[in-house]
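Note sheet for the following structure.
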Protein chains: 2
Amino acid sequence: VGSKSALELFEDAVASKNMERRRPKLAKGTRDYDPEQQTIREKAINTITNVFKQHGAVSIDTPVFELKETLTGKYGEDSKLIYDLSDQGGELLSLRYDLTVPFARYVALKNLASIKRFHIAKVYRRDQPQMNKGRYREFYQCDFDIAGPSGTMVAESEVLKVVCEILTQVGVGEFAVKINDRVLLDAMIEIAGIDSSMFKSVCSSIDKLDKEPWEKVRKELVVDKGVTEEAADIISKFVVLNGECWEMYEKLTKDGLFNESAKGKEALEKMKVLFGYLDALEITPRIRFDLSLARGLDYYTGLIYEAVTLDPDFKVGSIGGGGRYDGLVGMFSGKDIPAVGASIGIERVFTILEEKAKKAGKVRPTSTVVLVASVGKGMVAEKFKMCNELWKAGIAAETLYQDNPKPQKQLDYAFESGIPYIIWLGEDEIAGGEFKLKDIEKKEENTFKRETLIDT
Amino acid sequence: VGSKSALELFEDAVASKNMERRRPKLAKGTRDYDPEQQTIREKAINTITNVFKQHGAVSIDTPVFELKETLTGKYGEDSKLIYDLSDQGGELLSLRYDLTVPFARYVALKNLASIKRFHIAKVYRRDQPQMNKGRYREFYQCDFDIAGPSGTMVAESEVLKVVCEILTQVGVGEFAVKINDRVLLDAMIEIAGIDSSMFKSVCSSIDKLDKEPWEKVRKELVVDKGVTEEAADIISKFVVLNGECWEMYEKLTKDGLFNESAKGKEALEKMKVLFGYLDALEITPRIRFDLSLARGLDYYTGLIYEAVTLDPDFKVGSIGGGGRYDGLVGMFSGKDIPAVGASIGIERVFTILEEKAKKAGKVRPTSTVVLVASVGKGMVAEKFKMCNELWKAGIAAETLYQDNPKPQKQLDYAFESGIPYIIWLGEDEIAGGEFKLKDIEKKEENTFKRETLIDT
C-alpha cells in the first residue's frame with residue numbers, strides 16, 4: 001500500500017468521488033439474480049441435469065473467455081457482438097459468445113471422436129438489450145450434443161426424447177416439437193426448379209410462415225427474390241403441409257410429392273425410421289412434421305427441429321431447438337465428427353417458470369423447516385443445542401442472531417420467511433424437557449419431549 | 001453474410017490460416033473441466049449448497065462483469081490484476097475479482113439491511129498462473145455471509161458451525177479451525193507499547209509464525225520494523241500461545257495477560273461467550289484458539305479464523321477462512337452493515353478430492369446403471385422401448401447409437417464406462433418376453449420377465 005502508483009492514487013480518488021456522487025449501478029444489459037429467481041433457476045437446472053444424466057451424458061465446463069482467434073470468423077456479421085477483453089499485455093481474449101465453438105475447441109484439444117455432453121453456462125453478447133423482453137447481454141445457454149457416429153436417426157431419436165423429457169419435467173405446460181429435414185428442403189427447392197444457390201434465401205422466407213400468411217411469403221419470394229410464379233406454386237404445395245408424423249408420412253408417400261427427387265425420397269424413408277423410434281420412445285404425440293420449418297440452415301445437415309409452447313398464457317415462442325450438424329463439432333479438429341444437438345431455450349423456460357411462480361404466490365428462497373425461537377433471556381446456547389439436533393437429523397433450522405429477540409419479532413420472521421414450524425424454548429421447557437412445536441399455518445401446537453424431537 | 005466488412009473478411013482469412021497452422025489453444029491460466037473433474041466438483045458443490053440451505057441461507061448471483069468504477073480502489077496494489085474489457089463504445093467494464101465487492105454492490109442496490117447469502121462462482125485475476133500449484137486465472141470462490149445485526153458472537157458461532165459442517169461433509173479429512181480476534185491483537189500491540197500505526201506491519205510479521213520460528217519473526221520485527229527488544233519480548237509471550245479453547249481461556253485469565261488492556265479483557269470475555277456456543281454446537285474440538293493468527297487485518301474488525309488441513313497427505317494449507325468485517329458489506333450503502341463471513345477454499349477442496357479420487361481409482365463421469373444391448377440386427381426400436389421403461393422408472397440407461405453394434409463393442413462400452421448392468425435383447429428374448437440382466441462385476445446373469453423389469 002505504501003507504493004501506490006500515481007495512476008492508482010488517481011483511480012482511488014475518482015472512485016471515492018463516484019461513490020459519494022451516486023449509488024452503484026449494474027453494467028448495461030446485466031442483472032443480479034435474487035434469491036427467489038435463484039431458487040427457480042437452481043430447481044430447473046437440477047431437473048434438466050438429471051434428465052441429461054439419465055441418458056448417460058457427461059458434463060464439461062470451459063473458461064468464460066477464449067483466445068480471440070478461436071472465435072474469429074465463426075459468427076459472420078454477429079462477430080461485432082463479441083465482447084473483447086482489453087489488451088493488458090499478453091494474449092487477445094474474448095468472452096464466449098455461445099457454447100458451441102468452445103465445445104468444438106474442446107473436442108479438438110482433447111482429440112475426441114465421440115462424446116455425449118451437456119453444458120449449462122452463461123454466454124455474452126453486446127446486443128442491444130431489451131430487458132422487458134428478457135433479452136440480456138449475459139444469459140444462460142443449455143446445450144446437449146451427441147457427437148460421434150450414429151445409425152439412421154438413432155441419435156436424433158434420443159435427442160428428441162431428451163428435449164421432450166426436459167420440457168415435460170421442468171413444467172412449461174403444453175408444448176410441441178416441430179420437425180423437418182434439411183434434405184427435404186433441398187429436395188423441395190430442386191423439385192421447384194429453383195437453383196440451389198438460392199436455397200438459404202428461399203428458406204429464410206419460408207421460415208416466416210409461422211408468423212405470416214402464405215400470400216405474403218409468396219410475394220416476398222416472387223417480388224423480392226425473383227422466384228418464378230410456377231416455382232412458388234410448387235413450393236406452396238409443400239410448405240402448407242404439417243401435422244401428425246404418420247399421417248404426414250402417409251400423405252407424402254401417397255401423393256408422391258417427393259417422387260421427383262431421389263434424395264427427397266430417401267430422406268422421407270429416414271423419417272419413417274425416425275417415427276418408428278419415436279413410437280418406441282412414446283413421444284410421437286408431441287411431434288409435428290412441418291415442411292415449413294426452415295431454421296438455422298447455415299449449419300444443419302439433416303434433421304431440424306424446434307420446440308414451441310402451446311399454452312396460450314406463455315407465448316414465448318421457441319423454447320428449444322437443434323438438429324444434425326455434421327460439420328460443426330469438428331471445425332477445429334480437421335476431422336469429420338457427426339453430431340446431433342439440442343439447445344434448450346433455458347432463459348425462456350426460466351421466464352415461464354417465474355411467471356407461473358408469480359401467479360401461484362410467493363416463492364420461498366429458503367428451505368428452512370423449523371425456526372428455533374426463545375421466550376426469555378440468555379437462551380442462545382439452548383437454541384443452538386436444539387438447532388444442532390435438528391441439523392444432525394438433516395432438518396433445515398434457523399434461529400435469530402439477536403441475544404434476546406422479542407417473541408413477536410421471531411414470529412414475524414417465521415411468517416415472512418414462510419417457515420412452517422416454530423419450536424419455542426423457555427426456562428420451563430428446558431427445565432421440564434418438554435417443548436412446544438407450533439405449526440404456523442394450521443395454528444396447532446404439539447408438545448414433545450426432547451428425546452422424541454426428530455420423530456415429531 | 002453478403003455484407004461482410006473488409007475487417008471481417010480479413011479476420012476470416014487470418015482465422016482460417018490460423019486454423020490450418022495450429023491446433024486450438026486455451027487462454028493462458030485457464031483450463032477446461034473434464035467430465036471426471038466436473039463429477040467431483042458438482043458433487044462437492046451440491047454438498048456445500050445443502051449445508052448452506054440447512055442453515056437457511058439464500059443463494060444470489062451477480063454478473064461476471066461489473067462497471068470498472070465499482071471495482072476501482074477496492075483492491076489496493078492488486079488492482080493491476082483486474083481484467084478489463086475492451087472499450088467497444090459504451091461503459092468501461094471489468095471482470096469480477098472476487099465475490100465480496102459484487103455482494104456489497106448488490107446489498108446497496110437492493111437497499112438491504114440484512115441477508116444471509118451464499119455465492120459459489122468463478123472470479124478472474126491476471127496473476128502469474130502456476131498451474132502445477134493449482135493457481136489459475138479463472139477459479140471458483142465460495143462465500144457465505146451473515147450480514148445484519150447479531151448478538152455477541154451469535155452469528156460468528158453459526159458461521160464457524162457452517163465451516164466445520166462443510167469441511168466434514170465434503171470429506172477433506174482431518175482439519176482444524178484456528179481462531180483469534182482482531183481486538184486481542186490490537187490489545188497485544190497496545191500492551192507491548194507499540195504505536196497503533198504499526199499494527200498492520202507488526203501483524204504481517206506475526207502471521208508468518210505458522211511457517212517460521214519465533215526467532216526469525218522477532219528479528220524481522222526488531223531489525224526491519226524498528227520494534228524495541230522489550231516490545232518484542234512482550235509480544236512473544238502472546239504469540240506462542242495456542243491450544244484448546246477453554247484451556248487457553250483459563251490460562252489467559254489466570255495469567256492476566258490482557259489485564260492491562262480494557263478492550264483486551266472485554267474481547268477475552270466475548271471469547272468465553274463464543275466457546276459456550278461452540279460447545280452447544282459441538283464443534284469446540286475442531287477449534288484452536290491461536291494468538292498468532294493475524295490474517296487479512298485490512299478489513300477484519302472482530303473474530304478472525306482460518307481452517308487448515310491436518311491430513312499429512314494433503315498439505316494444501318488454508319482451506320477456508322473469514323471473520324467479522326463490519327465495514328465491508330456496507331461500502332456502497334453508506335450504511336453500517338455488520339457482517340461475519342466465511343470463504344471456503346473451494347479450489348483447494350477440489351484438489352484434495354481429486355487426489356483422493358485418483359488414489360481410489362477411476363472416477364465415473366456418468367451415472368448410467370444399465371446398458372441396453374442387442375444381439376442380432378434391427379433391434380434399435382426394441383432397445384429404445386426397453387430404455388424408455390427404465391427411464392420412466394427413474395433408472396439411468398443407455399444404448400449404443402449404431403444400427404447394429406457388435407456384442408463385443410457393447411460389452412467394451414459398458415466396461416469402459418463402468419456401467420454395472422447389461423440387458424441383452426435378441427429375437428428370442430423379445431418373442432419370449434424374457435430377458436437376461438448381467439451384473440458385469442459379479443459376472444452373474446439373471447433372467448426376468450418384461451413385466452418385472454423394474455423390480456429386478
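In the text below, chain A, chain B and the rest are named by the order of the sequence lines, each starting its count at 1. Fair warning: this is a prediction, and the values are worked out from it, not measured in the lab.
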I need the A:Ser157 OG to B:Tyr401 OH distance, nearest 0.5 Å.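 Here the rounded value is 10.0 Å.
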Given a strict heavy-atom distance threshold of 4.5 Å, which part of [X] is in contact with chain B: side chain, backbone, both, or neither?
X	value
A:Leu109	both
A:Val64	both
A:Leu371	neither
A:Ile82	backbone

For chain A, which of B:Ala280, B:Ser417, B:Pro63 has the most heavy-atom pairs under 4.5 Å?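 Between B:Ala280, B:Ser417, B:Pro63, the count favours B:Pro63.
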Which one, B:Leu71, B:Leu26, B:Val273, leads in non-hydrogen pairs under 4.5 Å with chain A?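 So the answer, after comparing B:Leu71, B:Leu26, B:Val273, is B:Leu26.
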Give the member of [options] that has the highest number of heavy-atom pairs under 4.5 Å with chain B.
options	value
A:Ser94, A:Ser86, A:Ala155, A:Pro35	A:Ser86
A:Gly90, A:Ala104, A:Gly394	A:Gly394
A:Lys385, A:Gln402, A:Glu91	A:Glu91
A:Ala381, A:Ser333, A:Ser367	A:Ala381
A:Asn46, A:Thr70, A:Thr152	A:Thr152
A:Lys122, A:Glu165, A:Met153, A:Arg126	A:Arg126

Pairwise side-chain contact, [X] with [Y], heavy-atom cut-off 4.5 Å (strictly under):
X	Y	answer
A:Arg105	B:Asp32	yes
B:Tyr33	A:Thr62	no
A:Asp84	B:Leu85	no
A:Phe384	B:Lys161	no

By side chain to side chain contact (heavy atoms under 4.5 Å, CB included) - contacts of B:Thr39 (at least two apart):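 Here the qualifying residues are B:Val363, B:Pro365.
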Closest heavy-atom contact between B:Leu67 and A:Lys25?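 In this case the closest contact between B:Leu67 and A:Lys25 is CD1-CB, 3.7 Å.
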So that I can tick it off, tell me whether [Y] and [X] are bridged by a salt bridge, with the cut-off set at under 4.0 angstrom between side-chain N and carboxylate O.
X	Y	value
B:Arg31	A:Asp61	no
B:Lys116	A:Glu398	yes
B:Glu282	A:Lys392	yes
A:Lys110	B:Asp34	yes
A:Glu42	B:Lys53	yes

Engaged part of [X] at the chain A interface, taking heavy atoms whose separation is under 4.5 Å:
X	result
B:Leu281	both
B:Leu95	side chain
B:Ser59	both
B:Gln88	both
B:Ile419	neither

Taking ring-ring contact (aromatic ring centres under 6.0 Å, His included) as the test, write out the residues that go with A:Phe139, two or more places apart.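 With neighbours one apart ignored, the set is empty.
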Which label fits B:Phe65 and A:Tyr124: parallel for a plane angle under 30°, tilted from 30 to 60°, or perpendicular past 60°?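 Because their plane-to-plane angle lies in the 30° to 60° range, the rings of B:Phe65 and A:Tyr124 count as tilted.
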Taking the six-membered ring for Trp, are B:Trp391 and A:His55 parallel (under 30°), tilted (30 to 60°) or perpendicular (over 60°)?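 Tilted: the ring planes of B:Trp391 and A:His55 meet at 30° to 60°.
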For B:Glu66 and A:Ala27, indicate whether the former's side chain and the latter's backbone hold a donor-acceptor pair under 3.5 Å.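 Absent.
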